[in-house]
Student: 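The following block contains the structure, expressed as structure tokens.
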Amino acid sequence: MAFDLDRWGRLALTIGFAVLGGWGAFHLHVPLPWVLGPMVAVACVSMANRVHKQPVLARKSAQIYIGASIGLYFTPAVLAMIGGLAPWMVLGAFVGIFMSVMSARALQMLAKVDGPTAIYSVALGASSEMSVQAQRAGADGAVVASAHAVRIMMVTSTASYIAWASGATPIMPTPGVGVLSWPLTLGLLGTATVVGWCFQKMRTPNPWVLGALLIAAICANNDVTGRLPDLGLIAAQVVIGWGLGQHINRAFFTRAPRTLASVAVVTLGILSVCMVAAWFISQGANIAIMTAFLSMAPGGMTEMGILSKAFGLGAPIVTAFHLTRILTTIFLTKPVSEKMMSSGWVKP
């Protein structure tokens with residue numbers, strides 16, 4: 001096979017800009033620097049049409065590392081606390097469904113899109129699964145995927161600055177927690193990879209995050225205490241930022257610009273509702289307001305998980321809330337969408 005100089009040049013350029021973007025954001029004290037910095041830097045490379053599309057293996061590896069990092073927090077005491085929050089997690093999931101129902105009508109009115117496209121563009125949770133369901137329902141798959149990219153980028157950026165403005169400060173490394181030994185780290189990540197592969201074959205949502213989270217949680221409940229090496233977590237965040245930034249190219253802005261602008265407006269409305277819902281949940285469940293906000297925020301589970309971990313804002317709680325919402329969204333979006341269209345709430 002001939003050496004593809006252009007391909008490898010693009011890869012080196014993309015990775016180089018991603019790392020430099022993270023390094024620059026870190027020294028400029030930008031919130032969540034190793035995600036937001038690479039996101040902006042890679043977006044610049046993408047706008048110049050020189051970006052290398054992120055390898056699937058890189059995304060999976062980052063998800064495994066992040067899932068394992070969060071899973072190590074799931075000690076018996078934390079699991080008992082999360083069990084007590086189960087009613088609030090279910091409530092949060094149904095608030096998410098309610099927001100999706102209201103947002104679908106608003107998006108259709110603003111963007112003048114068909115019903116299925118409007119519904120699946122604002123379904124909160126499991127964006128990859130929603131793109132698949134959208135195509136089955138006859139929606140515009142490209143618009144739906146772009147709408148989810150806009151939402152996740154906006155929420156990740158906005159939530160990072162809200163967390164920073166609230167007084168939360170990034171913590172790296174986690175204070176008072178030692179690093180796991182290399183044999184234990186490699187064993188944990190290797191087992192997590194196998195379980196993630198099995199979950200993928202079983203068509204489990206977010207298989208690589210959940211597989212790693214499950215294995216790490218089992219370790220945490222069997223007297224394994226510690227954290228994964230910090231350099232790996234930084235690399236995982238850079239990969240997440242790369243994945244977000246690569247979507248921002250010239251075609252991104254010319255593809256259904258009215259729809260994407262409308263999605264941005266609707267996303268701001270959803271964030272406002274999330275803030276109100278977070279206040280009620282924080283009062284009723286007796287958890288920190290920022291933990292409740294990140295639990296309700298309409299971002300991806302991976303992105304909100306790493307954000308909550310970086311700021312020390314109850315990553316296990318945030319992850320549990322998002323997992324509940326993802327499962328609810330996967331099972332209820334189809335019947336709810338059919339009901340919305342049959343009732344005329346959203347026009348087909």
Side-chain angles (χ1 to χ4, degrees), residues 8 11-42 45 52 54-74 156 160 163-164 168-196 208-209 211-213 215-217 219-220 224-246 300-313 315-316 318-319:
W8 288 101
L11 180 61
L13 182 68
T14 303
I15 294 176
F17 264 73
V19 174
L20 285 174
W23 181 85
F26 176 78
H27 286 280
L28 290 172
H29 304 290
V30 174
L32 204 64
W34 296 105
V35 173
L36 299 185
M39 181 182 79
V40 174
V42 171
V45 177
H52 188 287
Q54 186 178 87
V56 174
L57 181 61
R59 173 74 178 183
K60 290 178 180 178
S61 299
Q63 289 178 317
I64 290 168
Y65 205 95
I66 292 169
S69 296
I70 295 173
L72 289 170
Y73 283 102
F74 281 77
T156 302
S160 299
W164 172 77
T169 54
I171 51 174
M172 181 78 79
T174 305
V177 180
V179 178
L180 295 179
S181 66
W182 278 107
L184 194 54
T185 296
L186 295 175
L188 169 59
L189 294 176
T191 306
T193 301
V194 173
V195 174
W208 303 101
V209 174
L213 194 149
I215 295 303
C219 291
V224 175
T225 58
R227 69 179 194 273
L228 295 180
D230 300 323
L231 186 60
L233 187 59
I234 289 174
Q237 292 180 72
V238 170
V239 170
I240 297 300
W242 173 5
L244 293 172
Q246 69 180 2
M301 184 172 76
T302 302
E303 289 76 13
M304 293 302 99
I306 193 62
L307 200 163
S308 58
K309 185 183 187 306
F311 281 95
L313 294 170
V318 172
T319 303

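Both backbone and side-chain heavy atoms feed into the values below; hydrogens, waters and symmetry mates do not.
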Student: Which atom pair, heavy atoms only, marks the closest approach of A220 to G71?
Tutor: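 Between these two residues, the closest heavy atoms are CB-O, 4.0 Å.
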Student: Decide yes or no for L188 and L72: does some side-chain heavy atom of the first lie under 4.5 Å from some side-chain heavy atom of the second?
Tutor: yes
Student: With sequence neighbours excluded, what pairs up with A235 under the side chain to side chain contact (heavy atoms under 4.5 Å, CB included) test?
Tutor: none
Student: To the nearest 0.5 angstrom, please state how far the CD atom of Q246 sits from the CE atom of M39.
Tutor: 12.5 Å
Student: Tell me the side chain to side chain donor-acceptor pair (under 3.5 Å) pairs involving residues 12-30, sequence neighbours left out?
Tutor: W23-H27
Student: Write down the atom of A212, the atom of A192, and the distance for their closest heavy-atom approach.
Tutor: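 For A212 versus A192, the nearest heavy atoms are CA-CB, 3.5 Å.
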Student: To the nearest 0.5 angstrom, please state how far the CD1 atom of I15 sits from the CH2 atom of W242.
Tutor: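 Answer for the CD1-CH2 pair, I15 versus W242, is 4.5 Å.
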Student: Using every non-hydrogen atom in the two residues, find where P31 and F311 come nearest and quote the distance to one decimal.
Tutor: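 Scanning both residues completely, I find the closest heavy atoms to be CB-CZ, 4.0 Å.
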Student: Let me confirm one number: the OH-CZ distance from Y73 to R227, rounded to the nearest 0.5 Å.
Tutor: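 Going from OH on Y73 over to CZ on R227, the span is 9.0 Å.
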Student: Could you go through the side-chain contact (heavy atoms from CB on, under 4.5 Å) check for L307 and V318 one step at a time?
Tutor: CA-CA 10 Å; L307 200 163; V318 172; over 6 Å; no
Student: Looking only at heavy atoms, which two atoms of V239 and Q54 are closest? And how far apart?
Tutor: O-NE2, 2.6 Å
Student: For the residue pair V35 and L244, establish whether any side-chain heavy-atom pair is separated by less than 4.5 Å.
Tutor: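 SC-SC contact between V35 and L244 confirmed.
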Student: Between K309 and I66, is any pair of side-chain heavy atoms under 4.5 Å apart?
Tutor: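 A side-chain contact under 4.5 Å is absent here.
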Student: Between CD1 of I215 and OG1 of T193, what distance do you get to the nearest 0.5 Å?
Tutor: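 The distance works out to 10.0 Å.
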Student: Test side-chain contact (heavy atoms from CB on, under 4.5 Å) on T156 and L32; report intermediate values, then the result.
Tutor: CA-CA 9 Å; T156 302; L32 204 64; 4.2 Å; yes
Student: For residues 178-187, run the donor-acceptor check on the side chains, cut-off 3.5 Å, and write out each pair with its distance to 0.1 Å, sequence neighbours left out.
Tutor:
from: S181; atom 1: OG; to: L184; atom 2: N; distance (Å): 3.4
from: T185; atom 1: OG1; to: S181; atom 2: O; distance (Å): 2.9

Student: What are the two closest non-hydrogen atoms of A68 and A216, and how far apart are they?
Tutor: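 Closest heavy-atom pair between A68 and A216: O-CB, 3.3 Å.
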Student: Rounded to the nearest 0.5 Å, how far apart are CD of E303 and OG of S308?
Tutor: 11.5 Å
Student: What pair of heavy atoms forms the shortest contact from G305 to T319, and how long is it?
Tutor: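 Residues G305 and T319, closest heavy atoms: CA-OG1, 4.4 Å.
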Student: If you measure from CG on L233 to OH on Y65, what distance do you get to the nearest 0.5 Å?
Tutor: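 With rounding to 0.5 Å, CG (L233) is 6.5 Å from OH (Y65).
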